[in-house]
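Here the structure comes first, spelled out in structure tokens, and everything after it is commentary.
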Amino acid sequence: MIDLRLLREDPERVRASQRARQADPGLVDALLAADEARRAAVTAADSLRTEQKAASTAVRGASAEERPAILDRAKALAAQVKAAEAAQAEADLALRSAALALPNTVLDGVPPGGEQDFVVLEQVGQIPSYDFPVKDHLDLGTALAAIDTERGAKVSGSRFAFLTGWGALLELALVNLAMGAAVEAGFTPVIAPALVRPEAMEGTGFLGAHAAEVYQLEGDDLYLVGTSEVPLAAFHSGEVVDELPYRYAGFSSCFRREAGSHGRDTRGIIRVHQFEKVELFSLVAPADADAEHLRLLAYEKAFLSLLELPFRVIDVAAGDLGTSAARKYDCEAWLPSQERWLELTSTSNCTDFQARRLGIRSRGEQGLAPVATLNGTACATFRTIAVLLEVHQRADGSVHVPEALRPYLAGRKELLPQ
RNA sequence: GGAGGCGUCGCCUAGUCCGGUCUAUGGCGCCGCACUGCUAAUGCGGUUUGGGUCUCAAGCCCAUCGGGAGUUCAAAUCUCCCCGCCUCCGCCA
């Protein structure tokens with residue numbers, strides 16, 4: 001939810017953001033109109049209530065003979081107040097839905113345009129070349145007895161997989177490495193719930209445009225999270241937080257319906273309905289948000305380097321930002337089998353957008369004000385495993401194990417086909 | 001899942017039975033001022049949050065006693081639903 005005061009002061013800035021996102025600038029004017037309508041309704045209801053309170057007080061002090069008349073007037077006012085309150089509630093609701101429809105205002109410098117309009121900021125490492133025909137991660141993983149998508153489909157459906165043997169251990173190794181490094185960098189480790197209430201989902205902006213992506217439990221009014229960003233963001237909801245910054249590294253399973261991606265990445269474990277992830281989440285003073293964003297990006301880069309993966313960093317275009325993000329950097333690793341870059345980590349600066357919805361505030365010079373929230377991937381397991389197997393494959397089907405992972409894999413330097 | 005108890009403006013707390021100066025009491029903490037030759041004590045004042053009005057500020061107004069709905073001229077107080085916490089029972093990794 002954006003700041004309505006800022007919207008009133010400078011609506012053109014928000015319209016420009018919408019245009020950069022290739023979204024409807026009309027939403028801005030709809031919100032302005034809803035805001036004005038609500039303020040009118042509030043003023044009307046407030047003044048009626050003032051009258052009603054006076055009338056109600058008069059009832060108490062009234063003598064027996066004047067009482068009936070005063071009571072009649074009080075009753076009439078009560079009815080008017082009730083109507084005015086209903087109108088106000090309606091205006092509140094209209095304002096709320098208009099506000100929820102509008103995504104965060106993008107920051108200066110964000111490339112305008114759609115998914116293809118990103119800007120490459122840098123490339124780390126060389127695109128690997130192989131003097132043998134490369135296999136994809138599913139062939140490699142099957143030969144290693146590490147990935148079993150056939151049984152995944154049998155048991156749970158398409159886009160599910162079993163990780164077995166070294167595959168299972170590799171997942172745990174990645175989680176341990178990511179968690180350990182994050183803790184060393186000052187993040188507080190958290191095991192987060194994967195089921196959350198609607199407020200948590202909505203507060204993080206996942207029930208808007210991306211509602212179709214989210215699994216919902218019909219019987220319990222709970223949602224399965226697509227990322228532990230959701231429980232981590234909601235962790236401090238409704239709280240006044242001091243002693244900023246707060247930095248968390250949350251682990252959870254992640255569930256995604258992949259509703260809009262039929263036919264995309266159907267092979268292997270690049271795009272699955274369930275995977276595990278370590279997610280970084282920071283709460284900082286709004287003025288420190290940009291610096292924190294770069295800090296999260298630096299952390300992600302360091303982690304990919306530990307995995308000895310070549311990657312590039314892109315500045316994601318406005319139209320490809322999530323609802324809550326004002327700026328987003330993705331790290332994309334090279335996927336040899338498809339000879340393309342694949343997003344492995346993503347870090348978003350949500351400014352005060354999430355915090356406003358979730359009621360996370362801190363005390364500043366202006367009194368209580370929403371904090372800034374930022375999130376970033378430390379490690380999303382399945383997809384990272386896919387890239388690791390492919391990049392580090394050898395001609396004989398064995399796979400090199402990066403040094404940083406070896407302590408978590410019984411010291412193994414390579415994984416061998418079974 | 002069953003039974004009972006509880007939820008008050010940072011923290012603790014009075015008020016809820018029996019609706020009306022509750023404009024929510026007191027303490028702690030915090031902020032400001034005064035005094036005392038020191039950052040202690042004491043005294044005085046302030047201290048929920050959100051919204052509206054307003055050029056700014058002040059002021060004024062409205063809402064807010066876990067959340068929502070209802071009864072009433074009037075709800076912290078009465079009724080219902082929901083959420084959370086605690087105790088006991090049942091079940092369970």
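By convention in this document, chain letters (A, B, ...) are assigned in the order of the sequence lines, proteins followed by strands, and residues within each chain are numbered from 1. Keep in mind that this is a model prediction, so the values were computed, not measured.
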Using whole Å, what does the distance between atom C1' of nucleotide rU72(B) and atom CG of L77(A) come to? 15 Å
Distance check, C1' atoms only: rU77(B) and rA14(B), in whole angstrom units. 14 Å
Between A40(A) and R361(A), the residue closer to the 5' end of RNA chain B by nearest nucleotide is R361(A)
Any side-chain N or O of R39(A) under 4.0 Å from OP1/OP2 of rC54(B)? no
Touch check for R356(A), heavy atoms < 4.0 angstrom, all strands: base, sugar-phosphate only, or nothing? nothing
P atoms of rC81(B) and rG20(B), separation to the nearest Å: 25 Å
Less than 6.0 angstrom separating the ring centers of Y248(A) and H236(A), yes or no? yes
Using the C1' atom in both, what is the distance from rC65(B) to rU23(B), to the nearest Å? 14 Å
Could you measure the distance from the SG atom of C379(A) to the CG atom of L177(A)? Nearest 0.5 Å is fine. 8.0 Å
Do NZ/NE/NH1/NH2 and the carboxylate oxygens of R247(A) and E292(A) come within less than 4.0 Å? yes
Identify whether any heavy atom of A78(A) sits under 4.0 Å from a base atom; if not, whether one sits that close to sugar-phosphate; answer base, sugar-phosphate or nothing. sugar-phosphate
Gap between atoms NZ and C1', on K53(A) and rU64(B) respectively (whole Å): 11 Å
Go nucleotide by nucleotide along RNA chain B from the 5' end; which of D35(A) and E85(A) gets its closest nucleotide reached first? D35(A)
Applying a 3.5 Å limit to both distances, which nucleotide forms a Watson-Crick or G-U wobble pair with rG7(B)? rC83(B)
Between R73(A) and E51(A), is there a salt bridge with N-O shorter than 4.0 Å? yes
Rounded to whole angstrom units, what separation is found between the CG atom of D46(A) and the P atom of rG50(B)? 17 Å
Side-chain N or O of Q52(A) closer than 4.0 Å to phosphate OP1/OP2 of rA74(B): yes
Could you tell me how the ring of H392(A) sits relative to the ring of H400(A): parallel (under 30°), tilted (30 to 60°) or perpendicular (over 60°)? perpendicular
Protein-nucleotide distance (Q88(A), atom CD; rG52(B), atom C1'), rounded to Å: 10 Å
Write down the distance between CG (L222(A)) and P (rC82(B)), rounded to a whole number of angstrom. 16 Å
When you measure only distances, ignoring hydrogens and angles, does the side chain of S56(A) come within 3.5 Å of the base of rG20(B) through a donor and an acceptor? yes
Using a heavy-atom cut-off of under 4.0 Å over every strand shown, decide if R197(A) touches base, sugar-phosphate, or nothing. sugar-phosphate
Phosphate OP1/OP2 of rG70(B) contacted by K82(A) side-chain N/O (<4.0 Å): no
Closer than 4.0 Å, any side-chain N/O of R8(A) to the OP1 or OP2 of rG52(B)? yes
